[in-house]
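Worksheet for the structure shown next.
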2 protein chains.
Amino acid sequence: MGKLTRDAVIEQALRIGDDEGLQAVTIRRLAQDLGVTPMALYWHFKNKEQLTVGMGDHLVRGFATEEDATGPWNERLRRLVGGLVDVLRRHACAASVLEEVDQMEVPSFLRVWDTALGLINQAGFTYEESCLIARYLLKGAIALAGGEARDRHGRSDLEAAEARRVKRLGLQSLPRDSYPHIVEMAAPLVDGCSAEVYDTFGVDLLIGGVEVMAARRTASSA
Amino acid sequence: MGKLTRDAVIEQALRIGDDEGLQAVTIRRLAQDLGVTPMALYWHFKNKEQLTVGMGDHLVRGFATEEDATGPWNERLRRLVGGLVDVLRRHACAASVLEEVDQMEVPSFLRVWDTALGLINQAGFTYEESCLIARYLLKGAIALAGGEARDRHGRSDLEAAEARRVKRLGLQSLPRDSYPHIVEMAAPLVDGCSAEVYDTFGVDLLIGGVEVMAARRTASSA
DNA sequence: ACCTGAACACCGTTCAAGT
DNA sequence: ACCTGAACACCGTTCAAGT
């Protein structure tokens, strides 16, 4: 019965998003859950986009503040990307949120960008290259971590498992001579990888690319 | 005055999407442009999602068929990803389309996935790793190439340039001690990179990561 | 086979008004 | 400062009906 606060709205929005997907987060639905009129939300947020920005900021805020400024640039970069991946897996809707918003509008994500840009630039890349690499790392982490839980439109765990089963069967029944590898790997394709593979292999993949390019740079400039 | 065909709908949808952004592609808007009733589209497409799938298929179809099965796996993979990046830059809305749809529903993109999985697996990775890497490459290419032309809501080139100017000023007026690198690199951040940097550096970054992981694998298994 | 008309259940948002 | 009521201009989609 307390009054409506900005944070209460955001937390309820994240709850809906995690449980039923971001597309279920609606001004009207949100108002209903909070026992309030849709227009009440417009006092706290200019429009729906700013609500989504608020969701993103809430997600990233906790992790963005902790900075450990020790070690070489690639280790620090690995920790940064690893932390982002962690956030993305704690909330099912995190990836969708950060894909939808303009990341530069999210204050806490701006901190992540700044840290990344600094570390990459310190590795010897030009400004233009650093921007490209930062986008590669941050968007890449989101793309990697966000792939699976994307389009679970409000179904329960049991329904989701059934949906995966149907999807796997769909892939397995493709023509074997046209899509041999998809048929072969249908199971890991729809089930995704284990958490550890993501954390270690996925992050290594991202950082590895940057390390290679950094090594080539110093090799050619030497 | 010819009759409404599936391809005509898709081509008009792509035209709208390229000019005004994917969010402007609407059943009703499309019907209006085609001089037809909104419900007419439901004869050719089950629902809007299938329309988007059709758009994606149309985009990827041309490039997916050309396969050059010569050279080692990493060169072939580089050509594949490079070709995808090409498609993404020919149509402004391509990245948004391929981000929105379930890629496995798009027949021609299924071919790209199959080719990628085969090449990666051939490089010595397990099935689980191959799936992760394929997603890394395909989603990564889309994320890299799609970043800039995302939220141009129907504005002309001139308006877009003005919007970029405003955005750059916004970044430059951030507190310098909190966001030193963002302030410093504001210009390349909002303007993006030149086309060549994308094609060479961007693709090298993606492929480089895979090559490194492949090298580590053979090193540890030797 | 291919398209229309009317209707339904949703959206986000504005604006004046209430307390 | 904080919220409501009524209204506007949109969506996607269904279903029966027309040719």
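Proteins come first, then strands; the chains are lettered A, B, ... in the order of their sequence lines, and each starts at number 1.
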side-chain hydrogen bond (donor to acceptor under 3.5 Å, both in side chains) with [X]: which residues, sequence neighbours excluded?
X: Arg28(A); result: none
X: Thr26(B); result: none
X: Glu162(A); result: Arg165(A)
X: Asp177(B); result: none

Start and end of chain B contact along DNA chain D [non-hydrogen atoms, under 4.0 Å]: dC11(D) to dT14(D)
Pairs satisfying salt bridge (Lys or Arg N to Asp or Glu O under 4.0 Å), at least one member in residues 36-46 of chain A, at least two apart: none
Can you name the residues that form a side-chain contact (heavy atoms from CB on, under 4.5 Å) with [X], not counting sequence neighbours?
X: Tyr179(B); result: Leu110(A), Arg111(A), Asp114(A), Leu174(B), Pro175(B), Ile182(B)
X: His91(B); result: Asp18(B), Leu59(B), Ala94(B)
X: Asn121(B); result: Met185(A), Tyr127(B), Ser130(B)

DNA chain C contacts among residues 26-34 of chain A, heavy-atom distance under 4.0 Å: Thr26(A), Ile27(A), Arg28(A)
Comparing Thr37(A) and Lys46(B) on DNA chain D - which has the more 5′ nearest nucleotide: Thr37(A)
Close side-chain approach of Met104(A) and Val190(B), heavy atoms under 4.5 Å: no
Counterpart residues, salt bridge (charged side-chain N to carboxylate O under 4.0 Å, His left out), relative to Arg79(B) (two or more places apart): Asp68(B)
Consecutive-pair stems (3 or more, Watson-Crick or G-U, under 3.5 Å) for DNA chain D: C:4-8 with D:12-16, C:12-16 with D:4-8
